[in-house]
Protein chains: 2
Amino acid sequence: MQGSRVMGSISEERNSLAEFRVGVDAVIFSIDTEQNRLLVLLVRRREEPFRGCWALPGTLVRRAESLEAAAYRILAEKIRVENLYLEQLYTFGGPERDPREAAEGYGVRYLSVSYFALVRFQDTQLLADGVEGIAWYPADQIPPLAFDHEEICRYARRRLCAKLEYSPIAFDILPSTFTLGEVYQLYGTVLGENFSDYSNFRARLLKLGILRDTGQKSTQGAGRPATLYCFDAAAFEKIRHKPMVFV
Amino acid sequence: MQGSRVMGSISEERNSLAEFRVGVDAVIFSIDTEQNRLLVLLVRRREEPFRGCWALPGTLVRRAESLEAAAYRILAEKIRVENLYLEQLYTFGGPERDPREAAEGYGVRYLSVSYFALVRFQDTQLLADGVEGIAWYPADQIPPLAFDHEEICRYARRRLCAKLEYSPIAFDILPSTFTLGEVYQLYGTVLGENFSDYSNFRARLLKLGILRDTGQKSTQGAGRPATLYCFDAAAFEKIRHKPMVFV
DNA sequence: TCAAAAGTGTTAGCAATACACCCATGT
DNA sequence: ACATGGGTGTATTGCTAACACTTTTGA
């Protein structure tokens, strides 16, 4: 393949190639540590196909725009947030994943490069996108979605849980200083109540040596004031190649 | 965005969208347990840009062909192999990753959905693709590559090591029955000599309970005959959700 | 009988779990 | 003083790393 033919057959080959529209879809998780809920942002589609159906927020990629930039743009159009974590998830691109393909005689393929994002519900402000539907749904009560978006959601959920266990993404969305209780709540919300004893979680986390005691205390309501920690990026760099467990 | 405009501005918007050519590139690793080498399959480009330069084997996606099918096609065109493992790696799609974009006025974007594959060198036959260049390169002696293929290679290598540690992909490429020594060699070749003591590796692996003793023995040259095991898919299904370590 | 390869056992140290318990603060 | 949340300590259990050892074969 690939250029081993004479000129005539190249255009022949080109006709058999798929033409692509490339979209980026984002699974935006928000963690509500107060109500212990993991939420996903959904929008209601305003055009065919699947008009009126819930779907993941998405967009087509513009000229000179990177895939990641498109993903950030989706976020910026829907929500206002300080800290977030974003990473590419998977590229879904089978034929027949979009009914428009059949309508257009299979000449055009719709490819979705999906991203997953993580924010904190408390730090996030939903930008009312006109009067249309946009809402946070609990991650375990997702309604039927357009296209293969339910599959994408499930995939994102699995990745989120896995990432949280061996990678410090929690500190990307926490404020610059935080208490260990806040970290614990965040993990509990995503992984489920009984993922670990608080005392053991605490010990593991501190032993990693990537949190620095700021000396400050945080007091809210009754109870002993909690120590405020901050993420020590330099210390993390030194051990980033080693396996580590936050569970 | 997304259809909230009147008709006139839709075509205006369409002009600002990128048009995409979607290719699939494959990082095909082969494990040579006899010489303890991890190899990557490279091909020499026969067309501009980067003519004559080494690159990952790749292809453009055809009509009605899934991304994965395209990846399998790349493999089938280059090698003949019994057992293999294949998974999607990452989608590289920034503008300016392909010089053709600039030449064509940034109207067209070249997007690469990359896959990584794993095969065993001993089971693999290279299909001589005409007289042109195609070769196995040791994974730590990769020559300069076209496009961003070096980055893709590095990324694939990291993923391979990670996958090997917590996922049973080794058994996808081993023959249906194998000795524990063969498994150990395979891990040693990828992860480096001193990844683990043989005795401990053995104990961990057997304790997982996903290998079944076939009762048969394998004898080759001097030395005590080795027990032949097979992968117990049913047993694995029961524990696939739990974390497991093969290191 | 010796080398080669397979397979078993033993130990010290470390990490995970499941608790019980002490500390500081608001009401 | 007591409820509330933060923080510490500890005993048990299991796992890991390192290494010594036995078994079965071919030459």
Side-chain angles (χ1 to χ4, degrees), chain A residues 33-36 122 164-166 174-175 177-189 191-230 239 242-247, chain B residues 33-36 122 164-166 174-175 177-189 191-230 239 242-247:
Chain A
T33 47
E34 278 166 26
Q35 294 202 53
N36 252 57
Q122 282 79 6
L164 212 55
E165 292 186 2
Y166 63 83
L174 285 165
T177 72
F178 47 82
T179 68
L180 294 179
E182 287 175 308
V183 185
Y184 183 67
Q185 281 199 350
L186 198 158
Y187 272 80
T189 301
L191 265 28
E193 275 313 293
N194 314 337
F195 76 98
S196 171
D197 180 85
Y198 174 63
S199 160
N200 298 325
F201 177 78
R202 213 188 127 74
R204 254 197 310 272
L205 203 49
L206 290 176
K207 187 151 44 70
L208 287 175
I210 58 175
L211 299 187
R212 211 178 43 240
D213 186 336
T214 62
Q216 296 167 284
K217 299 281 177 184
S218 152
T219 170
Q220 44 178 11
R224 173 173 174 174
T227 306
L228 281 167
Y229 289 87
C230 68
I239 60 161
K242 298 180 191 167
M244 60 189 103
V245 182
F246 296 86
V247 171
Chain B
T33 47
E34 277 166 27
Q35 294 202 53
N36 254 55
Q122 283 79 5
L164 212 56
E165 290 186 3
Y166 63 84
L174 284 165
T177 71
F178 46 83
T179 68
L180 293 180
E182 286 175 308
V183 185
Y184 182 68
Q185 281 200 348
L186 196 158
Y187 272 80
T189 301
L191 266 27
E193 275 312 293
N194 314 339
F195 75 98
S196 171
D197 180 84
Y198 174 64
S199 160
N200 298 325
F201 176 79
R202 211 188 130 74
R204 255 196 310 272
L205 202 51
L206 289 176
K207 188 151 44 68
L208 288 174
I210 59 176
L211 299 186
R212 213 179 41 241
D213 185 338
T214 62
Q216 295 167 284
K217 299 280 178 184
S218 152
T219 171
Q220 43 180 8
R224 174 172 171 173
T227 305
L228 281 167
Y229 289 87
C230 68
I239 60 160
K242 298 180 191 166
M244 61 190 103
V245 183
F246 296 85
V247 174

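Order of the sequence lines fixes the chain letters, A, B, ..., with proteins taken first and strands second; residue numbering starts at 1 for each chain.
For the pair A:Met244 CE and C:dA16 P, the computed distance is 14 Å after rounding to whole Å. Between the OH atom of A:Tyr198 and the C1' atom of D:dT4 there is a distance of 13 Å, given to the nearest Å. Per the geometry, CD belonging to A:Gln185 stands 14 Å off C1' belonging to D:dT4, to the nearest Å. Rounded to an integer number of Å, the gap from A:Arg202 CZ to C:dA15 P is 18 Å. Going from atom CG of A:Leu205 over to atom P of D:dG6 covers 14 Å, rounded to whole Å. As rounded to whole Å, 12 Å separates atom P of D:dG26 from atom CD of B:Gln220. Separating the CG atom of B:Leu180 from the C1' atom of D:dT23 is a distance of 16 Å, rounded to the nearest angstrom. Regarding B:Glu34, its CD atom lies at a distance of 13 Å from the P atom of C:dA5, rounded to whole Å.
Residues A:Pro243 and B:Glu165 form no side-chain contact, since every pair of their non-hydrogen atoms from C-beta on lies 4.5 Å or further apart. Within the 4.5 Å cutoff, no side-chain heavy atoms of A:Tyr229 are placed close to those of A:Leu174. The shortest distance between side-chain heavy atoms of B:Thr33 and B:Glu182 does not fall below 4.5 Å. By the 4.5 Å heavy-atom criterion applied to side chains, B:Leu211 and B:Val183 are not counted as neighbours.
Between A:Ser199 and B:Ser199, the one whose closest nucleotide on DNA chain D sits nearer the 5' end is A:Ser199.
B:Arg224 meets the side-chain contact (heavy atoms from CB on, under 4.5 Å) test with no other residue; sequence neighbours excluded. With sequence neighbours left out, B:Leu208 forms a side-chain contact (heavy atoms from CB on, under 4.5 Å) with B:Leu205, B:Ile210, B:Met244, B:Phe246.
Sorted by first then second residue, the ring pair (Phe, Tyr, Trp, His ring centres under 6.0 Å) pairs that include residues 197-223 of chain B, not counting sequence neighbours, are B:Tyr184-B:Tyr198, B:Tyr184-B:Phe201, B:Tyr187-B:Phe201, B:Phe195-B:Phe201.
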Side-chain polar contacts of residues 213-222 of chain A - donor-acceptor pairs under 3.5 angstrom, sequence neighbours left out - could you list them?
| unit_1 | atom_1 | unit_2 | atom_2 | d |
| --- | --- | --- | --- | --- |
| A:Asp213 | OD1 | A:Gly215 | N | 2.6 |
| A:Thr214 | OG1 | A:Gln216 | N | 3.2 |
| A:Thr214 | OG1 | A:Leu228 | O | 2.6 |
| A:Lys217 | NZ | A:Thr227 | OG1 | 2.9 |

Distances under 3.5 Å between protein N/O atoms and the N/O atoms of nucleotides 13-17 of chain D, please, pair by pair.
| unit_1 | atom_1 | unit_2 | atom_2 | d |
| --- | --- | --- | --- | --- |
| D:dA17 | OP2 | B:Arg204 | NH1 | 3.4 |
| D:dA17 | N7 | B:Asn200 | OD1 | 3.2 |
| D:dA17 | N7 | B:Asn200 | ND2 | 3.2 |

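Taking 4.0 angstrom as the limit, A:Thr227 places none of its side-chain polar atoms (N or O) nearer than this to OP1 or OP2 of D:dG6.
With hydrogens and angles disregarded, a donor-acceptor distance shorter than 3.5 Å links the side chain of B:Arg204 to the backbone of B:Val247.
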Once base and sugar-phosphate atoms are separated, protein heavy atoms under 4.0 Å mark nucleotides 22-27 of chain C, 5' to 3', with B, S and - as -BBBS-
